Amino acid sequence: MKLTFPLLDASEVRDARALLHAAPWADGRTSAGVQAAQVKNNRQLPSDCEAARILQALVLQALHRSPRFLSAALPRKVFPPHFNSYTGTANSFGIHVDNAVRYTPAGVQVRTDLSCTVFLSEPDDYQGGELVVHDEQGGQRVKLPAGHALLYPGASVHEVLPVTRGERLAAFFWVESLVRGNDERSLLLALDTALVSLRGRDGESAEAVALTGVYHNLLRLWATT
Ligand code: NI
């Protein structure tokens with residue numbers, strides 16, 4: 001399941017870009033796994049700098065007020081977001097897979113059920129830089145408006161194409177979900193989406209209550225807390 005959703009508003013994007021433009025960037029390879037490090041060529045914000053801490057809080061707060069994210073990801077743990085820049089000669093991240101388990105700077109293990117990229121530059125501000133997630137349908141090139149996010153399975157083979165003009169700023173992070181399986185999570189999202197629509201049309205009907213019970217009983221069956 002791949003899902004796009006709006007996350008940050010225009011003023012949050014402006015604030016994020018201002019912080020990133022003044023930030024102390026480092027080589028992105030320091031946080032990659034062995035295979036990924038060979039193809040990773042970008043710059044990344046050190047996760048312990050002040051700008052990173054402010055921006056991590058900004059993104060995490062936005063995630064917790066996003067019904068679409070919460071419904072789709074059913075987050076159990078969210079990795080503190082990384083921030084990266086693709087420009088000049090540090091401008092791409094070749095085809096790779098992310099490690100299945102990541103350790104936060106505080107040493108917390110996060111199983112990477114889902115990956116998420118939040119675009120922070122406007123599409124017109126750079127050329128190239130599409131995120132390509134390879135799945136059964138082939139590779140789909142994704143470039144979203146600033147403030148919008150793409151959520152995709154953490155097991156996907158993916159890459160960021162070279163930026164040939166301008167700068168691509170983005171946040172990315174992983175999510176360990178309460179529901180490990182993509183199929184189960186997709187069914188819960190479909191049911192929740194239909195329920196929201198049913199309630200919008202008919203209010204709190206007996207059917208809506210019964211189906212809400214089904215939703216929670218499935219979640220109870222599949223969730224690991
Ligand atoms: Ni990756």
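Just so you know, these numbers use all the heavy atoms, side chains as well, and skip hydrogens, waters and symmetry mates. Note that ligands are numbered from 1 as they come in the structure, with each ligand's atoms numbered from 1 the same way. All values derive from a computational prediction rather than experimental measurement.
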task: Identify which one of T104, T112, D98 satisfies the side chain to side chain donor-acceptor pair (under 3.5 Å) criterion when paired with W174.
output: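 One option only clears the test, and that one is D98.
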- prompt: Is it true that H158 and H134 have ring centroids separated by less than 6.0 Å?
  reply: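 No - the distance between ring centres of H158 and H134 does not fall below the 6.0 Å cut-off.
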field: salt_bridge(D113, R76) N-O dist < 4.0 Å
entry: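 No, D113 and R76 are not salt-bridged.
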query: Hey, is E167 close enough to R17 for a salt bridge, meaning N to O under 4.0 Å?
result: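 Looking at R17 together with E167, the answer is no, because their closest N to O distance does not fall below 4.0 Å.
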field: Sole residue of L161, T87, N84 in side chain to side chain contact (heavy atoms under 4.5 Å, CB included) with R168
entry: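 Of L161, T87, N84, side chain to side chain contact (heavy atoms under 4.5 Å, CB included) with R168 is met by N84 alone.
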- request: May I ask you to list the protein N, O or S atoms found at less than 2.8 Å from the Ni ion (ligand 1)?
  value: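 Near the Ni ion (ligand 1), the protein supplies H96 NE2, D98 OD1, H158 NE2.
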message: Tell me whether the rings of H82 and F79 are parallel (<30°), tilted (30 to 60°) or perpendicular (>60°).
response: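 Geometry flag for F79 against H82: tilted rings.
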